[in-house]
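Read the structure below first, then the notes.
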Amino acid sequence: MRPDTVHAVIAVKHLDRAKSRLADRLPTGDRSRLVLAMLSDTVCAALTAGLGSVTVVTPDQAVAAAVRELGADAHPDPETVAATPPAGADNGLNTALAAGAAAVRARHGAVDLLALQADLPALRPDELTDMLATAPAGRALVADHAGRGTAALLVRDGVELNPLFGGDSARRHRDSGAKELPGDWPGLRLDVDTEADLERAVALGVGPATAAVLESIGWPEHVHRKLTRRYALNHMCAG
């Protein structure tokens, strides 16, 4: 499948509420900067891979402005425009992704859709292009590094996205008919929630935005050396 026929959707909530499991290491302001940097590197990887478009659904105006500067589209979070927030949507993530998918297809027709996690700082463009080349028709998923979550959900041939992110989402996506893809894509599988996840990402080589933030907030020196050595091999936004 050609990457330019696939359109990515990413959902991000308010920056100041993100990554609570890193709160013992990073204050709110630093976590917000890190979240935005990881999102930026994720968006850059998707754009560099040649995807047809990237749409970020968010209620946060700082996020919206940042992704537009990178060349992505921003779409308002439905919970910010609804009189009553939707119920039962895993903190609104699935509602946001579904809204983004609907907006993309309203603009582009019944295109193939790729729902991505927002925190994939080690994602490389060639992982995305390889994954797309191996994906079957219909519905497919890439499980995260732990094997329980979903790093990416791909739908083709006009199939509805029907995102089921949240606890044990890999199983729920499989139960919904998605084929699990077995490829060796460590950066694509590594969403960052904990300090250990972040250190794994650094070992793989994070993108330039994440690298700059980690260095500026004084992440441990041994991480800085790995970062400086490896991240330059990672992606940059096209253009």
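Judged as a salt bridge (charged side-chain N to carboxylate O under 4.0 Å, His left out), and not counting sequence neighbours, the contacts of Arg156 are Asp112. Residues satisfying the side-chain contact (heavy atoms from CB on, under 4.5 Å) test with Ala101, not counting sequence neighbours, are Leu113, Leu161. Among residues two or more places apart in sequence or in another chain, the side-chain contact (heavy atoms from CB on, under 4.5 Å) test is passed with Arg107 by Thr55, Asp73, Ala103, Val104.
A pairwise comparison of heavy atoms in Ala11 and Ala96 identifies CB-CB, 3.8 Å as the closest pair. Nearest heavy-atom pair across Asp41 and Ala209 is OD1-N, 3.2 Å. Of all heavy-atom pairs spanning Ala170 and Gly147, the tightest one is CB-O, 3.9 Å. Nearest heavy-atom pair, Val159 versus Gly138, reported as atom, atom and distance to 0.1 Å: CG2-CA, 4.1 Å. Closest of all the heavy-atom pairs between Pro121 and Thr210 is CB-OG1, 3.5 Å. The minimum heavy-atom distance between Leu36 and Ala66, with the atom names listed, is CD1-CB, 3.8 Å.
Using a distance-only test at 3.5 Å, with no hydrogens or angles considered, a donor-acceptor pair links the side chain of Glu127 to the main chain of Leu188. A donor-acceptor pair is defined here as one N or O able to donate and one able to accept, closer than 3.5 Å; such a pair exists between the side chain of Asp60 and the backbone of Leu15. Here the side chain of Arg105 pairs a donor or acceptor atom with the backbone of Val111 at under 3.5 angstrom. Side-chain atoms of Glu215 do not come within 3.5 Å of backbone N or O of Ala212 as any donor-acceptor pair. At least one donor-acceptor pair closer than 3.5 Å links the side chain of Gln117 to the backbone N or O of Thr150. Between the side chain of Thr42 and the backbone N or O of Met38 there is at least one donor-acceptor pair closer than 3.5 Å.
Contact annotation: the side chain of Leu120 never approaches that of Arg189 to less than 4.5 Å [non-hydrogen atoms, C-beta and beyond]. In this structure, Val142 and Leu154 have side chains that are not in contact, with every pair of non-hydrogen atoms separated by 4.5 Å or more. Between Arg33 and Ser216 there is a side-chain heavy-atom pair separated by less than 4.5 Å. Contact annotation: the side chain of Leu128 never approaches that of Trp185 to less than 4.5 Å [non-hydrogen atoms, C-beta and beyond]. In this structure, Pro163 and Asn94 have side chains that are in contact, with non-hydrogen atoms separated by less than 4.5 Å. The shortest side-chain heavy-atom distance between Leu198 and Thr194 does not fall under the 4.5 Å cut-off. Proximity of Asp193 to Asp119: side-chain heavy atoms (C-beta onward) are separated by under 4.5 Å at one or more points. A 4.5 Å side-chain heavy-atom check between Arg200 and Asp197 finds at least one atom pair inside the cut-off.
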Could you go through the side chain to side chain contact (heavy atoms under 4.5 Å, CB included) check for Leu132 and Val6 one step at a time?
CA-CA 9 Å; Leu132 295 174; Val6 180; 4.1 Å; yes

Side chain to side chain contact (heavy atoms under 4.5 Å, CB included), that's the test. Do His173 and Glu180 meet it? Break it down for me.
CA-CA 9 Å; His173 282 131; Glu180 185 169 345; over 6 Å; no

Test His108 against His7 for side chain to side chain contact (heavy atoms under 4.5 Å, CB included), laying out the working first.
CA-CA 9 Å; His108 300 287; His7 297 254; 3.7 Å; yes

What's the verdict on side-chain hydrogen bond (donor to acceptor under 3.5 Å, both in side chains) for Arg124 and Thr48, showing C-alpha distance, side-chain angles and the deciding distance?
CA-CA 9 Å; Arg124 303 176 80 96; Thr48 304; over 6 Å; no

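Between the OG atom in Ser176 and the CG atom in Leu153 there is a gap of 7.0 Å [rounded to 0.5 Å]. Taking CG of Asp184 as the reference point, atom CE of Met131 lies at 14.0 Å (rounded to 0.5 Å). We find the CD1-CZ distance between Ile217 and Arg31 to be 11.0 Å, quoted to the nearest 0.5 Å. Here the straight-line distance linking atom OG1 of Thr5 with atom CG of Leu51 works out to 9.0 Å at 0.5 Å rounding. Distance check: Phe165 CZ to Thr95 OG1 gives 13.0 Å after rounding to the nearest 0.5 Å.
Residue Glu160 qualifies as open at atom CD: its count of foreign heavy atoms under 6.0 Å is 12 or below.
Between Arg172 and Asp175 no salt bridge is recorded (no basic side-chain N to carboxylate O distance below 4.0 Å).
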